[in-house]
Structures are given as C-alpha cells and as structure tokens.
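Values below: every heavy atom of this structure, side chains too, minus hydrogens, waters and symmetry copies. Keep in mind it's a predicted model, so treat the numbers as computed, not measured. To find a chain, count down the sequence lines: A is the first, B the second, and so on, and within it residues start at 1.
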Amino acid sequence: MSRHDMLKDLNPQQREAVLHSEGPLLVLAGAGSGKTRVITHRFAYLSTVKKVPPTSILTMTFTNKAADEMKERIEGLLGRSIKGLWIGTFHSLCCRILRREIERFGFKRDFCIYDEHDTYDLIRSILKAFNMHEALYKGISSRLSTLKASLIGPEDLLKNEDSYDFDEKFARVYVRYQEELRRNNALDFDDLIMYTVRLFEEYPKVLRKYQDEFPYIMIDEFQDTNISQYRLSKLLASRDKNICVVGDDDQSIYRFRGANVKNILAFKNDFSKAKVIRLEQNYRSTKHILDAAGGVISCNSMRMPKRLWTDRTDGEKVLYCITNTERDEAGYIARTIKELYLKGRYSYKDFAVLYRVNQQARVIEDAMRDSGIPYKVIGSLSFYQRKEIKDIISYLKVIVNPDDSVNLRRIINSPPRGIGAATLGRIENEARKKDKGLFEMMKIIISSNGYSASLKEKIRDFVELIEDLNSQKDGELSRLLELIYERTGYLEWVGEERAENLTELLHSVEGKDIKGFIDTASLYTPIDESQDGDAVSLMTLHCAKGLEFPVVFIAGAEDGLVPYFHAIKRQEELEEERRLLYVGITRAKDRLFITRAKRRKFYTSVKELKPSRFLDEIPTGCYQCYEKRHGRGSIAIETKVHLEPVASTPFVAGVRVRHPKWGIGVVRESYGDDDDMKVMVNFPSVGVKRLSLRFAHLERI
DNA sequence: AAACTAAAGCTTTTT
DNA sequence: GCTTTAGTTT
C-alpha cells in the first residue's frame, strides 16, 4: 500500500496524527471521530513507510474485542496477516512478558491467572482463617484491587502503620493474600500489571531490552488507564518517547475501577513536548443527536474544552417519552422498535436499548418477548462465568498447575466424592502447619498413618485422577476434556442443561492447546458470544461504550438511575454519571429515544422518580417531548403524537379491502410514509400479504 | 455431607 | 423479586 493510499481517507487532523510518527503524541478523539482509524492507519504508516517492523509496535487496548478489531483492520491495511504482533490488552501483553520474566519474582513460568471469582474464593478462605467476617470479601477484594492498581504493595501499606487510618487487620489480609497467591503460583488481574511495572523498575536491563523491542507504543482509550497502567506506559516510552495515546476525557466512565482521567493531563506534563491533536469531526451521528450530547457534556466543569461537529443533516429530533410505569416504558420501546422495523429501513440488529442497571433489562426483555422481537442481553452472565464452565476450567488449571490450591479446592468435591467441608478444613490446617500446598499435603496423607483408611482411599482416588489427567495434558485438548467429563462423571452430575454448555465448550476448544486456552479463558470475556442473528441489543450504558447503532433507546432517564442514587453527593461522581449519559447519546447514529417512567418498581417498593436532572441540559431545539396519559376509565390510551406524521390513509387496521387477484381481505396493519404506504392484509384465500399501496390496487369496501 | 430453609443483601465492572 | 449466604435439619 502506498503512502498516498494510506492517507487519502483521512481528514487533516487524522492525517496529522498518522504522520506524527516520532515523539509523544496525544490524540483527543471525541466520540465517533475515527480514533480506531487513526491508530490502525498510523500502524500501517509506521510499518510500510517508516519501515518499522510490525512486531516492534506495542499497541495496548482495554478489551479483547478492541484488540481483535484493530488486528483485523491493520492486517487488512497491510494486506497480509502477521504472526507475533504485539497488539492486545494491557493484561494479555503483560502476561506475555511475565511468562518470560516472572521467575525473578519467585513464580514459575506456568503461573495461572486468577479471575475475580478465584480471588473471591481466596479472600474468603483467608478471612475465615483470620476469624473475620467472611461476608466482607467483596469490599476487601475491591480495596485490594484499588491498592494494586495504584502500585501500593503490602509492604507500602505496612510502612504507614502509624497513620491514623491504618487498618491492621486489612493489612494482614493483604500480606496473606499475596503470600497465598505466590504459594499457589497464581497472579490476579492487577498483579499482571503490577509485577510488570516492578520488573521494569527493579531491573533496568530488562526494561532496556523491552525498550529495544518496542521503539513505538500506542495506547487506546487512554482515559481509562489507571496509575499502574500509566506507569507501565511511561517506563516503556521513557527512552525513545515514541508514544501515541488516544483518548477522550468525556468518555471516562470507569473511575470507580481506578481509571484516572488525570493521566491525560499528566501525559502533557510528563512528555513536555507532546503534540496534541484534537479530532472533533464526528462521522457517526446526526446534528440533533450531537447537539443533545454536546448540551449535556458541556455542563461538566472538569473537562478539556472541545466541540464535536458533523456535516450530517439535522436528522429527526431526539424523542423524549414519559410513561407511567417501567412496564409502559418497556412496552413503548418494543412498539416503537416494531414500528420502525416494519417500515423496512432497519433490521433488528440496528437497535440498542441502553439502561443504567442490569435490573432494568428484565421488564424490557418481557416486552420484547411479548412483541415477538428477537433480542440479546449483552454482558449479563458471560459463558466463562457459569459454574459448570468455571469448574471444568478449574480442572484444567489444576491439571497444569497442581500447586493451585484455590482451584483445587473448587473441584475437590465437585462432583461430590466424600471430601466435604470438614475434611477439607482438616487437610488445609495440616497443609498450613507443614507449609505445603493442598495437593502436596494430600499426597503426604496417602502414605502416612493417622488417617482413616476410607479417607485415604478417597484422597488417593482424587490424586490419581489428577495425575492421570496430567499425563494426558499434552494431547488434544478436546480429548482431555472428554476424559475429564468421563472420569469425573461431571455431565451426569450437573444435569442436562448445564451439560449442553459443556458440550459447547468441548466444540469450542477444537485444535487449541491447553495453556493458551487457559489464558484466553481467564482473560477473555466474550462480549459478543452470539454475534450471529438479527436481534436487538440490550445492555448497560457502560457496556455500550465503543459501539454504535442506528437507533438507540436510553431507558430510565430519571434522577435515581441517571444519575444513580449513590452518585449524586459528590461532584466527581455526578460528572461521571453525566459522562455516562453522554456516552449513551453518542452511540446513536440516526435516531435517539430517551424514555422515563414516573413510577418505577425497585425490588418490592414502588418509587416516584423525578426526571433526570441532565435532561434540562439538552437544548430544546433538538428534542421533542411527549407523554402517554391515562384516558377515561382504566384503559391507557396514547395521545396521538406519532414518530412521524400519521399517514393519511383509508386503509387502517380492520378495514375490509378488495384485491384484483386475491379477492376480499382484512387490513391487519398499515405503516410507512405517505408516499410509500404499506399494508399487511389477511386474505382468507392466500394468507397474510404485505402490499405497497403504490403498486397494489386495493379497493376499500 | 448434603439438602433444606430462613434471612440479607442489592451500581456500573473492559481484565 | 431474586440471588447469594448462613444456619439448620436429615
């Protein structure tokens, strides 16, 4: 591909960003301004024009999906696929580095990665051992994560022993937690980054090696980086300073997870000669939608000033619909989707319904089902989080790494093999006393006295099972899974429904090797499990980031949902909620609907909620408000404010018509614009037909 | 050890 | 309202 080809589809700012190949570069890329395009074209430019080997460009993203998309597009630009590219998530790339280097920290190279659930289990076992409230595990886990993301290790915590808010018990848990991870030869998500940073800080030679390996660095969604990720980027870029970061402070919605928008400002300070380029042309949304978004986000005080613009037309106005209850709201959404769908311009996959909390999905799902609209709920419970899948992955983890006591614990009695909580507790105590791992301890028990024969028998069976499976681990992975199912009787134990998922798992691992699969399973949450099929997407506002849809609904525009109850006290939290709405609005390409219910059920009680305070921030010119009112009696009727002017046609539902060929029928439904009116007619002779009034010569009778 | 029952929770969550 | 957890029974 020539230099010309590479640049021809870019606007001046995008082009400038692509051409700025040396030195630090900050690209402030507004929603829908083509940031992925900049990264991919810049990659292609570096490799073909500047002759940088593609494997020397480190490109870090936050999601696997973003990484996959980038890989695909870059390979498309380069016209070939390349092995060994360093394009991936922070976590997967750090994992790749640590697989080579971790031995310096006393881990083995085949360490395993603990996902959220594994860490929960570990923390709970520690709390139990310390006689602390086990129910606190979630809070403890998030505190641990925050500390690690800020590069504060247990030893740093202990240094502050004298400070007034020093929490001795918590510090002990942290120390023990890290010890246990090491004992289990396991790293959690935050460790992947933290140890990589430590590696580079404590071993300058290693850092230099990787600086040689990656003279060019690019980072996507920079506003989402936390302290450790920023430090990592800074270390790698500190020598050559060829670092390009792309982000949008207005789309920072993960502060609660440690993301630090200030990194954008820090970047400008840390790399003093950083070039700053703003991408403000939006290629996604109509003017009205963009105006609505701009009105909202401009109310934030803590942001870098910018203004998105588009050369698209005004488009339809944003519609704001008020309903009485959440069920009415869901019904309205379903009906509107159906109506737009029947007009034929959109397929179901063009629609998204966005909401603040997953709980809202249920009533919307009901409405979709009732209307016969195909839908998929995204991000609720991912495949890999299901119990049965996690169990089998635990088997695999233990087979590869018998030191992994947490996963061993998980499977030791699933399916039940007579080693229950009491027995397990005994083994664990012994193991702790002898400073051994669980598996080792079990092997000791088999050949020692003082345990009942039946217990030894059970334990021997289990140890032999794992060792047998371990000897088979280098064969075909799907064969190994079959073997696990067979030898443990797992399928029969979990029942038919869950067994189906396991069969699916079996098919999905065809041709993969065990270690690669375990890493993928730990680091991969398939956001789009069933991408196929034409279906409306239901998801939280958070999940929607990075996506776009022709038609978007934002449900629950109420104070209490957007902004959420807990997030109205502090300014920073409120502004994050505002950004969340901004992200939602900017997902829409052509049509945007915002809905709210006056009364909404929360758990058991019904609450009356006021409209979201953010709605007042939408300029009046770009939206239209209407309300569904109750008519006389108990029947709810809709005041006739239609999406588009109601078609003036005599052929409305219920009318009898005559068709020259099919005879007499009854109109089921009529829809479409005035000039392109369509009707669905049920003819007793041939069934339901869709007809265009322009062509079919219908006669009203 | 497993199954049952009562009670207490309860945003968002790229990895 | 429904899922997760703790405590109790069988």
Side-chain angles (χ1 to χ4, degrees), chain A residues 60-69 88-95 113-120 124 128 133-139 141-142 145-146 148-149 187-194 220-221 223-226 228-229 251-259 354-360 362-363 378-382 384-385 387 413-425 458 519-528 539-547 556 560-568 573 576-577 579-581 583-584 601-606:
Chain A
M60 299 198 274
T61 66
F62 277 84
T63 65
N64 289 296
K65 200 179 165 208
D68 292 345
E69 192 190 331
T89 63
F90 274 92
H91 294 86
S92 68
L93 296 173
C94 285
C95 177
I113 300 162
Y114 276 7
D115 64 18
E116 195 182 31
H117 213 97
D118 296 330
T119 65
Y120 282 166
R124 292 179 67 167
K128 205 186 252 169
H133 271 295
E134 222 179 309
L136 297 173
Y137 69 92
K138 277 190 180 165
S141 168
S142 91
S145 177
T146 309
K148 289 181 169 197
L187 269 66
D188 66 19
F189 289 148
D190 301 300
D191 282 340
L192 291 171
I193 318 286
M194 194 171 77
D220 186 26
E221 304 276 18
Q223 75 283 353
D224 289 338
T225 49
N226 60 33
S228 64
Q229 288 156 339
Q251 291 187 71
S252 160
I253 53 174
Y254 285 106
R255 205 183 73 104
F256 69 96
R257 286 196 77 163
L354 311 182
Y355 37 79
R356 178 63 232 264
V357 292
N358 280 310
Q359 206 194 164
Q360 288 172 261
R362 179 163 295 141
V363 62
I378 293 173
S380 48
L381 186 64
S382 85
Y384 289 111
Q385 281 170 352
K387 278 192 198 74
N413 211 27
S414 350
R417 42 175 76 87
I419 309 174
T423 316
L424 183 63
K458 287 173 194 160
D519 277 352
T520 327
S522 305
L523 292 173
Y524 214 104
T525 30
I527 301 173
D528 38 7
M539 69 186 97
T540 63
L541 288 162
H542 283 91
C543 265
K545 200 179 75 163
L547 306 176
L561 278 173
V562 192
Y564 201 76
F565 299 111
H566 310 288
I568 49 180
E573 289 178 325
E576 177 138 324
E577 295 290 310
R579 289 194 291 270
L580 202 48
L581 179 61
V583 166
K601 224 157 78 177
F602 282 92
Y603 309 119
T604 51
S605 63
V606 175

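- Rounding to whole angstrom units, CZ of residue A:Arg255 and P of B:dT14 are separated by 19 Å.
- The ring of A:Phe256 lies on top of the base of B:dT12, close enough and flat enough: under 5.5 Å between centres, under 30° between planes.
- Rounded to whole Å, the distance from OH on A:Tyr355 to C1' on B:dT12 is 12 Å.
- Contact of the A:Ser228 side chain with the A:Lys148 side chain is not registered, since no non-hydrogen atoms from C-beta on lie closer than 4.5 Å.
- Between A:Thr225 and A:Phe90 there is a side-chain heavy-atom pair separated by less than 4.5 Å.
- Across the protein-nucleic acid pair, A:Ile378 atom CD1 and B:dT14 atom P stand 12 Å apart, rounded to whole Å.
- Between A:Phe62 and A:Thr89, the closest side-chain pair of non-hydrogen atoms is not below 4.5 Å.
- Within 6.0 Å of NZ in A:Lys601 there are 12 or fewer heavy atoms belonging to other residues, nucleotides or ligands.
- Counting non-hydrogen atoms under 4.0 angstrom, A:Phe565 reaches nothing in the nucleic acid.
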Dot-bracket assigned to DNA chain B with the 3.5 Å Watson-Crick/G-U criterion, [ ] for crossing and | for other-strand pairs, is ||||||||||.....

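- In this structure, A:Tyr355 contributes its side chain and A:Met539 its backbone to a donor-acceptor pair below 3.5 Å.
- Between the CD atom of A:Gln360 and the P atom of C:dG1 there is a distance of 17 Å, given to the nearest Å.
- Evaluated for a side chain to side chain contact (heavy atoms under 4.5 Å, CB included) with A:Val562, the options A:Leu581, A:Leu354, A:Leu580, A:Val357 yield exactly one hit, A:Leu581.
- Heavy atoms of A:Arg356 sit under 4.0 angstrom from at least one base atom.
- Using a 4.0 Å heavy-atom cutoff across all strands shown, A:Asp190 reaches no nucleic acid atom at all.
- Distances shown here put a side-chain N or O of A:Arg124 below 4.0 Å from the OP1 or OP2 atom of C:dT5.
- Atom CZ of A:Arg362 and atom C1' of C:dG1 are 7 Å apart (whole Å).
- Within the 4.5 Å cutoff, the side chain of A:Leu561 has no heavy atoms near those of the A:Gln359 side chain.
- Here the nucleotide nearest the side chain of A:His542, chosen from B:dT11, B:dT13, C:dT4, is B:dT13.
- Separation of the C1' atoms belonging to B:dT12 and C:dT5 is 23 Å when rounded to the nearest angstrom.
- In this structure, the nucleotide among B:dT11, B:dT13, C:dA6 sitting nearest to the side chain of A:Ala135 is C:dA6.
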Report all interatomic pairs (protein N or O, nucleotide N or O of nucleotides 4-10 of chain B) with separations under 3.5 Å.
none

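- In this structure, A:Lys138 atom NZ and B:dT11 atom C1' are separated by 12 Å, rounded to whole Å.
- Side-chain atoms of A:Glu573 and A:Arg255, non-hydrogen and from C-beta on, do get closer than 4.5 Å to each other.
- Between A:Asn413 and A:Leu424, every side-chain heavy-atom pair lies at or beyond the 4.5 Å cut-off.
- No donor-acceptor pair closer than 3.5 Å links the side chain of A:Ser145 to the backbone N or O of A:Ser141.
- Distance from the side chain of A:Glu134 is smallest for C:dA6 among the nucleotides B:dT13, C:dA6, B:dT11.
- Close to B:dT12, at under 4.0 Å from its OP1 or OP2, lies a side-chain N or O of A:Asn358.
- At B:dA1, one or more side-chain N or O atoms of A:Thr423 fall inside 4.0 Å of OP1 or OP2 (strictly under the cut-off).
- Residue whose closest nucleotide on DNA chain B sits further toward the 5' end, between A:Ala567 and A:Lys458: A:Lys458.
- In terms of phosphate contacts, A:Thr540 brings a side-chain nitrogen or oxygen within less than 4.0 Å of OP1 or OP2 of B:dT13.
- In this structure, CZ of A:Phe189 is placed 10 Å from C1' of B:dT14, rounded to the nearest angstrom.
- Distance CD (A:Glu576) to C1' (B:dT12): 9 Å, rounded to an integer number of Å.
- Across all strands, A:Ile419 comes closer than 4.0 Å only to sugar-phosphate atoms, never to a base (heavy-atom distances).
- In this structure, A:Lys65 does not reach the B:dT14 phosphate: none of its side-chain N or O atoms is under 4.0 Å from OP1 or OP2.
- Among the protein residues, A:Tyr114 comes within range of no part of the nucleic acid, since none of its heavy atoms lies under 4.0 Å from any strand.
- A:His566 has its side chain out of reach of A:Glu577: every pair of non-hydrogen atoms, C-beta onward, lies at least 4.5 Å apart.
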